[in-house]
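See below for the structure under consideration.
Note that the coordinates shown come from a computational prediction; the quantities given were computed from them, not determined experimentally. Heavy atoms only: backbone and side chains are in, while hydrogens, waters and symmetry mates are out.
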Amino acid sequence: MATVEPGMVISGRYELLHTIGSGGMSKVWLANDRLLDRNVAVKILSDRYASDPDFVERFRREASAAAGLSHPNIVGVYDRGESAGSYYIVIEHLPGPDLKAIIRQRGRLDPRQDVDATLQVLSALSASHRRNIIHRDIKPQNVLVADDGLLKVTDFGIARAGEERGMT
């Protein structure tokens with residue numbers, strides 16, 4: 001893919017605004033979905049991994065795994081695709097902080113908040129397990145806070161289907 005930069009439009013639909021995060025395999029951009037006129041997050045596989053079939057497969061698995069999940073405590077996946085030789089996933093944009101940032105800012109949660117957060121994350125994991133998807137990377141950075149205060153699990157990047165063997 002050509003250099004990814006603000007203003008670039010992916011698949012004629014998602015206008016990239018600015019980066020909002022990055023991980024080991026990808027960068028996440030705030031984008032405007034021109035078709036539905038809403039902000040979304042677009043996770044773009046790094047160029048150095050786009051030519052590696054194993055990484056591409058892992059990225060596709062993340063999109064497929066998360067797209068099959070519909071639950072109030074799981075970040076929604078809207079779309080996935082390939083554009084100019086790179087791969088992307090379009091997900092619900094949550095501008096709020098992650099759980100780690102909240103803990104750093106406020107310190108320990110009180111016991112009621114702890115229990116509430118734990119129950120929300122467990123509810124998300126229960127839903128994914130019912131679909132035979134194991135997250136494998138639950139940590140406070142992968143739990144985002146929605147505008148309404150609900151917690152949402154994200155980043156199914158190393159999720160594994162329960163039936164699948166071999167790829168870790």
### Side-chain donor or acceptor of Asn142 paired with backbone N/O of Asp137 under 3.5 Å
yes
### Task
With the side chain counted from C-beta on, respond yes when Asp147 and Pro95 share a heavy-atom pair under 4.5 Å apart, and no when they do not.
yes
### Hphob cluster co-occupancy, Val40 + Ile44, side-chain heavy atoms under 4.5 angstrom
yes
### Message
With no hydrogens and no angle check, just 3.5 Å: does a side-chain donor-acceptor pair link Tyr88 and Ser11?
### Response
yes
### Query
Would you say His129's side chain and His135's backbone share a donor-acceptor pair under 3.5 angstrom?
no
#### Entry: Over all atoms of both residues, closest heavy-atom pair of Lys27 and Thr19
CD-CG2, 4.0 Å
### Message
Just by distance, no angles: are the side chains of Asp79 and Tyr14 close enough, under 3.5 Å, to form a donor-acceptor pair?
### Response
yes
### Task
Check step by step if side chain to side chain contact (heavy atoms under 4.5 Å, CB included) holds for Arg13 and Asp33.
CA-CA 6 Å; Arg13 179 172 177 178; Asp33 179 344; 2.8 Å; yes
### Task
Search all heavy atoms of Ile10 against all heavy atoms of Ser83 and return the closest pair with its distance.
CG2-CB, 4.0 Å
### Message
Ignoring hydrogens, what is the shortest heavy-atom contact between Ser51 and Arg48? Give both atom names and the distance.
### Response
OG-O, 4.2 Å
### Value rounded to 0.5 Å, distance of CG in Leu99 from CD in Gln113
10.0 Å
#### Entry: Working for side chain to side chain contact (heavy atoms under 4.5 Å, CB included), residues Asp155 and Gln141
CA-CA 9 Å; Asp155 201 359; Gln141 300 91 308; over 6 Å; no
### Message
Please report the interatomic distance OG(Ser26) to OH(Tyr49), rounded to the nearest 0.5 Å.
### Response
9.5 Å
### Query
Under a 4.5 Å side-chain heavy-atom rule over Ile, Leu, Val, Met, Phe, Trp and Tyr, are Val56 and Val77 clustered together?
yes
### Task
Considering non-hydrogen atoms only, spot the tightest contact between Val42 and Ala31 and give its length.
CG2-CB, 3.6 Å
### Summary
Residue pairs passing the salt bridge (Lys or Arg N to Asp or Glu O under 4.0 Å) test with at least one member in residues 101-126, sequence neighbours excluded, are none
### Query
Roughly how far apart are Leu17 CG and Asn32 CG, rounded to 0.5 Å?
6.0 Å
## Note on the structure
For Leu119, the other hydrophobic cluster members (4.5 Å side-chain criterion, sorted by chain and number) are Val115
### Task
Evaluate the criterion side chain to side chain contact (heavy atoms under 4.5 Å, CB included) for residue pair His93 and Ile20; output intermediate values, then yes/no.
CA-CA 10 Å; His93 174 249; Ile20 54 176; 3.8 Å; yes
### Message
So Val145 and Leu151, do their side chains get closer than 4.5 Å, heavy atoms only?
### Response
yes
#### Entry: Shortest non-hydrogen contact from Lys152 toward Pro72
CE-O, 3.3 Å
### Task
Supply the atom-to-atom distance Trp29 CH2 to Glu15 CD, rounded to the nearest 0.5 angstrom.
11.0 Å
### Query
For Ser123, which residues count as a side chain to side chain contact (heavy atoms under 4.5 Å, CB included) partner, sequence neighbours excluded?
His71, Asn73
#### Entry: 4.5 Å side-chain heavy-atom contact, Gln120 and Val153
no
### Query
Looking at Ala127 and Leu69, what are the two nearest heavy atoms and their distance?
O-CD2, 4.1 Å
### Task
Please answer: with hydrophobic residues joined when any side-chain heavy atoms are less than 4.5 Å apart, are Met8 and Leu30 in the same cluster?
no
### Query
From Arg131 CZ over to Ser126 OG, what is the distance, rounded to the nearest 0.5 angstrom?
13.0 Å
### Query
Do Glu57 and Pro53 have side-chain heavy atoms sitting under 4.5 Å apart?
no
### Arg38 atom CZ, over 12 foreign heavy atoms within 6.0 Å
yes
### Message
Hydrophobic clusters here meaning ILVMFWY residues chained together by side-chain heavy-atom distances under 4.5 Å, can you tell me if Ile74 and Val28 are in one?
### Response
no
#### Entry: Heavy-atom check, side chain of Val9 versus side chain of Arg34, under 4.5 Å
yes
### Query
Can you check whether Asp98 reaches Thr154 side chain to side chain, under 4.5 Å on heavy atoms?
no
